[in-house]
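Note that the structure is a prediction, hence the values are computed from the model and not measured. Numbers restart at 1 for each chain; the letters A, B, ... are given by sequence-line order, proteins then strands. Computed over heavy atoms, backbone and side chain alike; hydrogens, waters and symmetry mates excluded.
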Amino acid sequence: MSTSTHDHDASTTETDRLLRQTSEGAQVLRRDTPAQPGAREIVLTGDSWPDDDETMIINMGPAHPSTHGVLRVMMELDGETVLRAKPVIGYLHTGMEKQAEQLTYVQGGTNVTRMDYLSPMSNELVFSLAVEQLLGIEVPERAVWARMYLVELQRMASHLLFQATNGMDIGALSMMIYGWREREEVLRLVESITGLRMNNNFIRVGGIAADLPDGWQQHTLDVLELVEHGVSQYETLLVENPIWQERTVGVGTITTDEALALGATGPILRSTGFPWDLRKAQPYLAYDDVEFDVCYGSNGDCYDRFLIRLYEILESVKIIRQCIERMPGGDYRVQDRKVTPPPRARIDESMEALIHHFKLFTEGFKVPVGETYSVVESPRGEIGCYIVSDGTPKPVRMHIRGPSFYNLQSMAAMVPGSFVADAVAIISSIDPILGEVDR
Amino acid sequence: MDDTTEIVVEAEPLVVAEPVAAAVVERFAGSVAVDSLGQSVVHVPRDAWRDVVAYLRTEERFTQCSDVTAVDHLVDAERIVVDGVTPERFEVVANFLSHPRNRRIRLIAQVPADDPRIASITPEYPGAGFPEREVYDLLGIVFDGHPDLTRILMPDDWEGHPLRKDDVDARIPVTFKADPGPR
């Protein structure tokens, strides 16, 4: 990317400038991709729309294996071609936002971690950031870096699983096994740190639940080596593979304008050639201290989204290596007894500690009156948390902006004109997590 | 013991330092800009909702509607919002993001309980379609001008709006047996 400074002609819009800024040090994954082979373009308006008795409406899902859970898609077909597609959701609605109003802020993490179950720490992080903003507390350096390290681990795990399920949906079944294999190694590492494979509830208000265990550096380095080896295998297997390209290149294209208008974020927005990543654009944690590139595509098709997620694994590897090198010492959570429970040993010897512990886990801590919206780049895009507090230990309202919920809307722009089999590839490339869509 | 869990924080001073917020306040009578923990928030009158959003999109280059949601303030109805804004039961909240300017803004409108309606912003930002349906479904706020205002998360024949504070929990009988009592 050129970063020359003499480029200030009048036609340069601020968007262009921003694009250049954020893409500094970014990598364009495909610059000169040939035009989509055999791309089908269908524009139907008014008269050209086929009669009702020529089209057929079918329901795909909610129990279809390629819908990643319980997504139902209503599709209007003309022969094998999809004219319209409408996602129907709600099959996994469990009222988590209602639940959050009954839970204290201490218990809230357990609730939000179950929303996006492939990257639970992103949920915990965004929730914790929101509550910390309301409380006005600053977490110690070590907690900041440990959070970044953990979130990146899960970004890796999530993208590895995407590689697996995407391969499975498109028919590359060996890819499925490989993806699960590497993901399992990452989850084993996560388990050795947090005690759980998923739904960790490890990032908590005020820091993290426990310090990183002994030997985490070596264990992580071993896993990173495995992952890097895995990614190079996937590259060999898929990136140049003509069958793979046949199924993904030019399928499910979306433009930047459409993606922005439909609220799409994350790899979907980046696949259109818009290098927007909150980690770079609005840095939180210590992302402005580490070096990494934003991966973005150029065609906005399934192949680009696949590549972006593939290479973001390597970017996460970069970040994690820097975390290992530069992890600061010190406290891993705020030493404010109003927020952080005392260490177990102190409870036996100190009345104060016992009271603090008891109050925290029965009543919780009170959060000042206010409202805030915090955002984080999850593997799927912008995850936001809007909390309204009335000064009691329970929120008046806790709302999560799930990236999948918004990304799913972009399906309506991607699917028309493609075959039913391509619709499967498109749903897969959106990588929706229904737990987060329905909450 | 009383102060064990008490955290006292001074109320944020209300400063209008944000140019977009200031422009909105100047242009739309009745809007009030506040700074909420460093985030730019504008309380806009319900009638001007769609116009303010259109203004943000066309004039101020807010490229994306990040989020639309709503809050039911039944439990803290006596709250103080800001000077010049009469608190109502519902608050519709929308977050916008401008990529070219790299800044966010939040709009809040007060919606009364006896007439829970507000203009839809889906014609401006198609991405608001799903979240507005969600707000309608869970809180029962009607978005005028929404192309497809149907329930999205709850079943189509569901009665009531679950995120309302007066919606009764556990309304549907669950087949758990009663506690047999002490033996």
| field | Ionic contact status for Arg439(A) with Glu134(B), cut-off 4.0 Å | value | yes
| Do side-chain atoms of Thr104(A) reach the backbone of Pro393(A) as a donor and acceptor pair under 3.5 angstrom? | no
| Which answer fits Val369(A), side chain, backbone, both or neither, if we ask what part of it has an atom under 4.5 Å from a heavy atom of chain B? | neither
| said: Under 4.5 Å from any heavy atom of chain B, what part of Tyr386(A) do you find: side chain, backbone, both or neither? | reply: side chain
| Does atom CD of Glu352(A) have more than 12 heavy-atom neighbours, drawn from other residues, nucleotides or ligands, at distances under 6.0 Å? | no
| task | Determine the option with the most heavy-atom pairs under 4.5 angstrom with chain A, choosing from Asp148(B), Val75(B), Asn95(B). | result | Asn95(B)
| request: Side chain from CB out, backbone as N, CA, C, O: work out which of these in Leu74(B) comes under 4.5 Å of a heavy atom of chain A, or both, or neither. | output: neither
| note | Highest number of heavy-atom pairs under 4.5 Å with chain A among Asp137(B), Val68(B), Val93(B) belongs to Val93(B)
| message | Tell me if a side-chain donor or acceptor on Glu132(A) pairs with a main-chain N or O of Gly206(A) at a distance below 3.5 Å. | response | yes
| query | Side chain, backbone, both or neither: which part of Gln39(B) has a non-hydrogen atom closer than 4.5 Å to chain A? | reply | side chain
| request: Quick one: which of Gly129(B), Ser98(B), Ala70(B) has the most heavy-atom pairs under 4.5 Å with chain A, could you say? | output: Ala70(B)
| Residue Asp72(B) versus chain A: region with a heavy atom under 4.5 Å | backbone
| query | With a 4.5 angstrom heavy-atom cut-off, which part of Arg57(B) approaches chain A: side chain, backbone, both or neither? | reply | neither
| What part of Tyr406(A) is in contact with chain B, defined as an atom under 4.5 angstrom from a non-hydrogen atom: side chain, backbone, both or neither? | side chain
| Of the backbone (N, CA, C, O) and the side chain (C-beta and beyond), which part of Arg104(B) lies under 4.5 Å from a heavy atom of chain A, both, or neither? | side chain
| For chain B, which of Asp257(A), Val375(A), Leu408(A), Thr265(A) has the most heavy-atom pairs under 4.5 Å? | Val375(A)
| message | Counting only non-hydrogen atoms closer than 4.5 Å, does Asp67(B) touch chain A with its backbone (N, CA, C, O), its side chain (CB onward), both, or neither? | response | both
| query | For Pro131(B), is it the side chain, the backbone, both or neither that has a heavy atom under 4.5 Å from a heavy atom of chain A? | reply | both
| Under 4.5 Å between any side-chain heavy atoms of Leu360(A) and Phe365(A), yes or no? | yes
| said: Regarding Arg101(B) and Glu60(B), does a basic nitrogen lie under 4.0 Å from an acidic carboxylate oxygen? | reply: yes
| field | Spatial distance of atom CG (Leu138(B)) from atom OG1 (Thr69(B)) [nearest 0.5 Å] | value | 8.5 Å
| Are side-chain heavy atoms of Ile268(A) and Ile430(A) found at a separation under 4.5 Å? | yes
| Checking heavy atoms, do the side chain of Ile400(A), its backbone, both or neither come under 4.5 Å from chain B? | neither
| With distance as the sole test, does Asp390(A) use its side chain to make a donor-acceptor pair with the main-chain N or O of Val396(A) at under 3.5 Å? | no
| query | Is the closest basic N to carboxylate O distance between Glu88(B) and Arg46(B) below 4.0 Å? | reply | no
| When Ser410(A), Ala264(A), Gly370(A) are compared by non-hydrogen pairs under 4.5 Å with chain B, the top option | Ala264(A)
| Where does Pro87(A) contact chain B at under 4.5 Å (heavy atoms): side chain, backbone, both or neither? | both
| Leu278(A), part contacting chain B, at a heavy-atom distance under 4.5 Å | side chain
| remark: So CZ of Phe405(A) and CZ of Arg401(A): to nearest 0.5 Å the spacing works out to 10.0 Å
| Does Tyr136(B) have any ring-ring contact (aromatic ring centres under 6.0 Å, His included) partners at least two apart in sequence or in another chain, and if so, which? | none
| Contact part of Thr122(B) toward chain A, heavy-atom cut-off under 4.5 Å: side chain, backbone, both or neither? | neither
| field | Glu97(A) and Arg397(A) ion-paired at < 4.0 Å | value | yes
| field | Toward chain A, the part of Val41(B) with a non-hydrogen atom under 4.5 Å | value | side chain
| task | For chain B, find which of Gln133(A), Glu371(A), Glu101(A) contributes the most heavy-atom pairs closer than 4.5 angstrom. | result | Glu371(A)
